[in-house]
2 protein chains.
Amino acid sequence: MEHPQESILACACELYLSDGLAGLSMRKLAKEVGVTAPALYRYYDGREAVLADLVRHAHHVFSDYIRRGLEAPTPAERFASAAQGYFDFALEHPRWFAIMFFGPERLGMDSIPDDIESMECAIHQFWNDRVTECMRAGILKEGNPQEVSLTMWAHAHGLIQLYHQGRLNTDEDGFRRLVKESSDRLFAGILTDDFLSLKPFGDGAREEEAETAVAAGAGT
Amino acid sequence: MEHPQESILACACELYLSDGLAGLSMRKLAKEVGVTAPALYRYYDGREAVLADLVRHAHHVFSDYIRRGLEAPTPAERFASAAQGYFDFALEHPRWFAIMFFGPERLGMDSIPDDIESMECAIHQFWNDRVTECMRAGILKEGNPQEVSLTMWAHAHGLIQLYHQGRLNTDEDGFRRLVKESSDRLFAGILTDDFLSLKPFGDGAREEEAETAVAAGAGT
DNA sequence: GTCTATAATCCGATAGAC
DNA sequence: GTCTATCGGATTATAGAC
């Protein structure tokens with residue numbers, strides 16, 4: 001190959017997707033590439049560096065998924081297609097989804113490389129932009145976009161995690177239905193109006209923080 | 001010790017809590033116990049059996065947390081204290097929380113032992129009971145208790161996962177505040193009333209399934 | 001740039017003596 | 001019931017020849 005690094009990374013992807021993290025060793029990777037293990041160290045400082053590139057790759061694929069449909073005309077459509085892309089990515093590429101949320105300990109690193117942390121921040125910003133758009137369009141209640149997007153992110157992330165761990169006892173079609181129904185509940189609320197008009201669970205500070213919101217831009 | 005199994009398990013807990021799953025080897029465990037590795041095999045068939053007992057232990061601790069306060073007088077209080085116990089457990093014992101959601105692959109098992117799966121089902125039933133109670137009390141909108149509890153479970157689980165992976169950039173106090181605010185949003189809904197009365201995102205089948213719900217018992 | 005050879009560890013699990 | 005000794009395997013990573 002003209003660019004050894006790329007073919008090494010391609011083989012690393014293949015190995016990771018088929019055998020998982022534990023199955024990705026420098027020896028197996030070398031065998032897959034067609035060289036011996038020491039040769040890999042010409043292009044990667046070690047296993048950690050390979051894993052870091054895998055995480056970067058996952059972020060690129062993920063980014064493609066959530067950004068497709070970004071040219072839709074309305075904020076609601078842009079949000080919906082981004083959310084759809086999120087679940088599509090998680091369901092079509094569970095291992096790529098997983099490696100994005102492994103954390104440094106699981107990856108055998110001291111800390112996440114800076115450029116990867118930047119990609120994570122870019123994702124946060126992306127969702128903040130979607131939420132801010134929808135607030136301005138009057139679709140979402142006013143509020144702190146970061147906190148509102150956290151609520152939706154946590155809900156989606158939790159659903160996916162539970163499904164991937166096989167704790168929902170359903171197949172992919174059933175899961176997609178569950179996601180839809182559960183999202184509807186999140187959007188509409190689950191408390192009765194009677195109870196809501198009386199007194200919510202906590203101190204119920206939900207109205208007086210409107211001025212702290214609506215500030216971010218719309219780029220990535 | 002009079003009961004070798006128990007002291008082995010105690011050491012295994014200690015080792016797991018300090019060094020994580022990867023740090024728990026039969027050799028280290030033996031050293032911790034004060035014997036040599038082969039002696040362990042008198043009491044455990046192998047590493048998998050030790051891990052299974054760790055998962056069982058985690059479930060017992062977890063169960064204590066979510067069931068404390070179960071003698072409260074109202075369904076709302078019982079639910080609130082159970083939810084509080086859930087987050088307390090996750091924050092005070094992150095590694096015990098984590099091992100409950102590792103899945104067989106991560107534990108190096110073919111499948112989860114039956115008795116552990118039973119414990120997982122008992123947890124599901126516990127939350128279904130809490131939700132059913134609150135529906136009957138008019139606190140939660142009528143609906144399928146399993147699906148409503150899934151929405152709340154996913155939200156809580158996702159929040160905890162994201163926090164434990166350090167993706168929320170906040171300390172424990174800040175996280176507890178985020179949890180409170182995000183839960184309020186989930187309870188009350190995040191869409192504007194205007195948009196909600198028009199047409200929710202999907203087909204919006206939320207009213208016509210009331211008769212399928214409200215059937216479960218109230219015991220654990 | 002790639003190889004052979006190897007260092008240095010670690011692992012789970014077992015056989016058989018005591 | 002515990003030990004010593006060991007099997008058989010894995011891993012990352014390096015030294016030095018070619």
Side-chain angles (χ1 to χ4, degrees), chain A residues 1-56 95 99 102-113, chain B residues 1-56 95 99 102-113:
Chain A
M1 296 295 173
E2 194 66 24
H3 302 291
Q5 297 200 39
E6 294 177 8
S7 62
I8 291 174
L9 181 58
C11 290
C13 291
E14 200 176 333
L15 243 174
Y16 168 67
L17 289 180
S18 62
D19 296 353
L21 251 199
L24 199 161
S25 69
M26 298 300 271
R27 296 163 115 92
K28 284 190 199 170
L29 176 54
K31 183 175 292 183
E32 189 88 0
V33 175
V35 297
T36 56
L40 300 178
Y41 290 82
R42 286 275 155 204
Y43 306 98
Y44 282 100
D45 277 346
R47 186 174 182 262
E48 290 186 26
V50 178
L51 295 186
D53 259 11
L54 286 184
V55 176
R56 289 185 190 97
R95 286 215 147 108
I99 204 176
F102 271 173
E105 180 181 353
R106 179 100 178 259
L107 293 172
M109 302 177 189
D110 301 336
S111 66
I112 297 292
Chain B
M1 299 294 172
E2 194 67 21
H3 302 289
Q5 298 200 39
E6 294 176 9
S7 63
I8 292 174
L9 181 58
C11 290
C13 291
E14 200 176 334
L15 243 174
Y16 167 68
L17 289 181
S18 62
D19 296 353
L21 251 198
L24 198 160
S25 70
M26 297 300 272
R27 294 162 117 94
K28 283 191 202 169
L29 177 54
K31 183 176 292 184
E32 189 89 359
V33 175
V35 297
T36 56
L40 301 177
Y41 290 82
R42 288 274 155 203
Y43 307 97
Y44 282 99
D45 277 348
R47 187 173 182 262
E48 291 186 26
V50 177
L51 295 185
D53 259 10
L54 286 184
V55 176
R56 288 185 191 97
R95 285 215 147 108
I99 204 176
F102 271 172
E105 181 181 350
R106 180 101 177 258
L107 294 172
M109 302 178 189
D110 302 337
S111 65
I112 297 292

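Any value given below was found using the heavy atoms of this structure, including those in side chains, with hydrogens, waters and symmetry copies removed. Residue numbers begin at 1 in each chain, while the letters A, B, ... track the order of the sequences.
- Of the residues listed (B/L24, B/L54, B/I8), the one engaging B/C13 in a side chain to side chain contact (heavy atoms under 4.5 Å, CB included) is B/L54, and it is the only one.
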For DNA chain D, the expected dot-bracket line (Watson-Crick or G-U under 3.5 Å, [ ] crossing, | inter-strand) is ||||||||||||||||||
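- Residues passing the side chain to side chain contact (heavy atoms under 4.5 Å, CB included) test with B/C11, sequence neighbours excluded: B/L29, B/E32, B/V33.
- Contacts of A/Y43 with the nucleic acid, taken as non-hydrogen atoms under 4.0 Å apart, involve only primed sugar atoms and P, OP1 or OP2.
- With sequence neighbours excluded, no residue satisfies salt bridge (Lys or Arg N to Asp or Glu O under 4.0 Å) with B/E6.
- Taking the side chain as every heavy atom from C-beta outward, B/Y16 and B/L51 never approach each other to under 4.5 Å.
- Remark: C1' of D/dG1 and OH of B/Y44 are 17 Å apart, rounded to the nearest angstrom.
- The structure places CG of A/D19 at 10.0 Å from CD of A/E14, a figure rounded to the nearest 0.5 Å.
- A/R56 pairs by the side-chain hydrogen bond (donor to acceptor under 3.5 Å, both in side chains) definition with A/D53, A/D115, not counting sequence neighbours.
- In terms of the salt bridge (Lys or Arg N to Asp or Glu O under 4.0 Å) criterion, residue partners of B/R95 (sequence neighbours excluded) are, by chain and number, A/E105.
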**Request:** Using the side-chain contact (heavy atoms from CB on, under 4.5 Å) rule, take B/L21 and B/L107 through it: C-alpha gap first, then chi angles, then the decisive distance, then the call.
**Result:** CA-CA 8 Å; B/L21 251 198; B/L107 294 172; 4.0 Å; yes
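- Between the C1' atom of D/dC3 and the NZ atom of B/K31 lies a distance of 16 Å, rounded to the nearest Å.
- With sequence neighbours left out, B/Y41 forms a side chain to side chain contact (heavy atoms under 4.5 Å, CB included) with B/M26.
- One atom, NE2 of B/H3, and another, C1' of D/dG1, lie 16 Å apart when rounded to the nearest Å.
- Within a heavy-atom distance below 4.0 Å of DNA chain C, no residue of residues 103-112 of chain B is found.
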B/S/- along nucleotides 6-18 of chain C (protein heavy atoms under 4.0 Å) is -----BBBB----
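- Residues satisfying the side chain to side chain contact (heavy atoms under 4.5 Å, CB included) criterion with A/S25, sequence neighbours excluded, are A/R27, A/K28.
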